[in-house]
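Notes to accompany the following structure.
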Amino acid sequence: MRRGNPVTIIDQGNGAAGPAAADLIKDTTTQTFVKDVIEESKRQPVLIDFWAEWCGPCKQLTPVLEKAVKAAKGKVKLVKMNIDQHPAIPGQMGIQSIPAVIAFVNGQPADGFMGAVPESQLNAFIEKLTKGVTAPGEPNIAEILQEAEAVLAEGDAAAAAQIYAEVLSHDSTNIAALAGLAKCYTVSGAMEQAKQTLAMVPESKRNDPAVKAVQTAIDLAEQAEQLGPVAELEQKVAANPLDHQARFDLATALNAQGNRAAATEQLLAIIKRDRKWNDDGARKQLVQFFEAWGGTDDATVEGRKRLSTILFS
């Protein structure tokens, strides 16, 4: 569902540093264990820390544990239970050595560890536990990206660009959002902005399919800029149907205008007549079209079917 003011959601997500510590860390009793741990874990993971006053390793672990939970900004909560004051629950769970930390997810024990583990190990434990969990007040990036794709598919590049920019204001390195914003610029004909946006993608991510698709679209658009008007190219092809270069150029120009079906038709005509022309250039260009359009685009799906029929008939 399209939001009227997408920036507001990002502002909320960037707001303070997450829920207050009092909401993330608390002590529990035998009477409140079900509410604090079992029920709460159905909303987000909960760590239950079994400890005692006389336990030296417990005193080493607690501050590190609290620091890690606060850093998770609401993706996980910490509940502490003094086993001397409340022995029933740890007894039922078979806790025989402390400190012992048990992770509850969806009302059930999911993982755990014993002893005062190093901070790096504890952070890895929480990261694994909270993978895919969205903190309260934090925008769901995956859902926002899906919305942007849908809006762009409807043809509203400006609105889609605003949504992608929303994601980037929260995470400036999000590859899907960078590629999406560059695609919006490409669709709008703003090639310089598209190239500037792609330049923000790290070298190690340049082979990401979405990034490559936009880069291909930019390359094709720049090819089209070097060609004459579509009407002139059409006249050349009409005058000499065997002028494969004119037909190739016409396909490139038609693609730049968004006429994907006609562009496909011209390249398929070359492939039918002379598959080896220009070192298989027509087929290679058509594959570039498919990459730029995306694998699920109707023109890509139909074009691949027709290409396969020619190649394998």
Side-chain angles (χ1 to χ4, degrees), residues 146-161 164 176 179-191 194-195 198 208-313:
Q146 287 179 353
E147 177 182 359
E149 290 176 13
V151 171
L152 183 56
E154 292 171 3
D156 194 342
Y164 282 124
L181 182 59
K183 185 175 182 179
C184 291
Y185 285 135
T186 303
V187 169
S188 302
M191 295 304 166
K195 287 190 278 189
L198 280 192
D208 180 273
V211 174
K212 288 181 67 178
V214 179
Q215 184 61 62
T216 299
I218 292 173
D219 294 342
L220 290 169
E222 291 182 336
Q223 285 180 32
E225 288 178 359
Q226 309 303 316
L227 305 174
V230 167
E232 289 183 8
L233 294 170
E234 287 176 335
Q235 288 173 5
K236 284 185 179 181
V237 172
N240 182 7
L242 295 180
D243 186 345
H244 295 332
Q245 185 61 57
R247 195 180 290 277
F248 181 94
D249 292 344
L250 175 58
T252 303
L254 288 167
N255 174 63
Q257 290 186 343
N259 195 340
R260 296 178 177 179
T264 300
E265 190 69 44
Q266 297 301 329
L267 291 178
L268 289 175
I270 297 174
I271 297 169
K272 286 178 183 177
R273 287 185 168 96
D274 186 356
R275 165 71 188 277
K276 296 180 180 179
W277 176 80
N278 197 22
D279 192 25
D280 199 18
R283 185 194 62 81
K284 291 176 181 177
Q285 184 80 334
L286 188 54
V287 170
Q288 279 204 307
F289 285 177
F290 296 158
E291 183 175 48
W293 300 341
T296 60
D297 187 272
D298 290 343
T300 298
V301 174
E302 180 62 24
R304 287 193 190 281
K305 288 180 183 177
R306 296 185 63 192
L307 178 61
S308 296
T309 300
I310 295 171
L311 296 180
F312 303 110
S313 59

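Nearest heavy atom pair, residue A256 against residue A224, reads CB-CB, 3.4 Å. The heavy-atom pair separating F289 from A263 by the smallest distance is CE1-CB, 3.8 Å. Residues A161 and C184 approach most closely at N-SG, 3.6 Å, considering heavy atoms. Across E291 and A213, no two heavy atoms sit closer than the pair O-CB, 3.2 Å. Between T264 and W293 the shortest heavy-atom distance is OG1-CH2, 3.3 Å. Annotation for Y164 and E149: closest pair OH-CG, 3.5 Å, computed over non-hydrogen atoms.
At a threshold of 4.5 Å between non-hydrogen side-chain atoms, the residues L250 and V230 count as touching. Contact of the Q223 side chain with the L220 side chain is registered, since non-hydrogen atoms from C-beta on lie closer than 4.5 Å. Taking 4.5 Å as the limit, every side-chain heavy atom of V237 sits out of range of all side-chain heavy atoms of D243.
For the atom pair CD (E265) and CG (L254), the distance works out to 11.0 Å, reported to the nearest 0.5 Å. Of the inter-residue distances, the one linking N255 atom CG with L267 atom CG reads 9.0 Å to the nearest 0.5 angstrom. Taking CG from L233 and CG from L227, the interatomic distance works out to 6.0 Å, rounded to the nearest 0.5 Å. Here the NZ atom belonging to K183 is positioned 9.0 Å from the OG1 atom belonging to T186, to the nearest 0.5 angstrom. Note that the CD1 atom of I218 and the CG atom of L198 stand 4.5 Å from one another [nearest 0.5 Å]. Taking OG1 of T252 as the reference point, atom CD of E225 lies at 12.5 Å (rounded to 0.5 Å).
A distance-only check finds a donor-acceptor pair linking the side chain of T300 to the backbone of G294 [under 3.5 Å]. A donor-acceptor pair under 3.5 Å is absent between the side-chain atoms of D279 and the main chain of G281, judged by distance alone.
Considering only residues two or more places apart in sequence or on other chains, W277 meets the side-chain hydrogen bond (donor to acceptor under 3.5 Å, both in side chains) condition with none of them.
Between R260 and D298 there is no salt bridge, since none of the side-chain N atoms of the basic residue sits less than 4.0 Å from a carboxylate O of the acidic one. Using a 4.0 Å cut-off between a side-chain N of Lys or Arg and a carboxylate O of Asp or Glu, K236 and D249 do not qualify as a salt bridge.
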I'd like to know whether L307 forms a side-chain contact (heavy atoms from CB on, under 4.5 Å) with L268, so could you lay out the CA-CA distance, the side-chain angles of the two residues, the decisive distance to 0.1 Å, and finally the verdict. CA-CA 7 Å; L307 178 61; L268 289 175; 4.2 Å; yes
List the steps, then state whether side-chain contact (heavy atoms from CB on, under 4.5 Å) holds for R283 with L311. CA-CA 10 Å; R283 185 194 62 81; L311 296 180; 4.1 Å; yes
